[in-house]
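All residue numbers in this chain count up from 1 along the given sequence.
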Amino acid sequence: MDGHDGDDPKQSTADMTAFVQNLLQQMQSRFQTMSDSIITKIDDMGGRIDELERSINDLRAEMGVEGSPSPSTPKAKGESKPGDDTA
């Protein structure tokens with residue numbers, strides 16, 4: 001016995017509606033918090049990647065290899081194979 005046996009069905013429906021709405025609001029709030037957390041972490045990682053790229057470029061400049069391709073730029077396939085198109 002939960003105390004709702006003799007209650008008006010409309011009141012029971014209203015209670016259930018309020019409960020579901022409250023539950024959905026809580027879920028939305030939790031999802032929003034998780035989404036904000038994920039976006040913050042992605043932004044932090046982007047900043048770290050930018051800092052790493054700057055550090056790599058600084059090191060390359062110190063070593064005097066500014067003219068070489070960056071690590072993110074793959075070499076063309078025919079560059080390192082002697083005799084392909086150089087006959």
Side-chain angles (χ1 to χ4, degrees):
M1 293 191 171
D2 59 4
H4 291 293
D5 292 341
D7 284 46
D8 183 13
K10 289 182 181 179
Q11 180 63 38
S12 178
T13 302
D15 289 344
M16 183 60 78
T17 300
F19 173 78
V20 170
Q21 286 177 340
N22 184 32
L23 186 62
L24 289 173
Q25 287 174 348
Q26 288 176 3
M27 289 175 59
Q28 182 178 7
S29 175
R30 289 179 183 162
F31 278 118
Q32 186 62 47
T33 300
M34 287 191 312
S35 176
D36 292 344
S37 174
I38 290 169
I39 289 171
T40 299
K41 289 178 182 180
I42 289 172
D43 288 343
D44 289 346
M45 288 301 294
R48 289 180 179 184
I49 290 170
D50 291 342
E51 184 178 334
L52 182 60
E53 287 177 343
R54 282 191 298 272
S55 295
I56 290 170
N57 287 333
D58 289 347
L59 289 172
R60 290 176 67 219
E62 287 178 19
M63 293 173 53
V65 290
E66 292 145 347
S68 66
S70 67
S72 62
T73 307
K75 291 182 179 179
K77 288 185 177 183
E79 283 184 8
S80 62
K81 294 181 181 178
D84 281 346
D85 291 326
T86 59

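Applying the under-4.5 Å side-chain rule to Ile, Leu, Val, Met, Phe, Trp and Tyr, the cluster around I49 consists of that residue alone. Other members of a hydrophobic cluster containing M45 are absent, since no ILVMFWY side chain comes under 4.5 Å of it, directly or through relayed contacts.
The side-chain contact (heavy atoms from CB on, under 4.5 Å) test applied to D50 returns E53, R54, not counting sequence neighbours.
Applying the side-chain hydrogen bond (donor to acceptor under 3.5 Å, both in side chains) rule to pairs touching residues 17-30 yields nothing, sequence neighbours excluded. Applying the side-chain hydrogen bond (donor to acceptor under 3.5 Å, both in side chains) test to residues at least two apart or on different chains, the pairs with a partner in residues 32-49 are Q32-D36.
In the hydrophobic cluster analysis, where Ile, Leu, Val, Met, Phe, Trp and Tyr join through side-chain heavy atoms closer than 4.5 angstrom, L24 is grouped together with M16.
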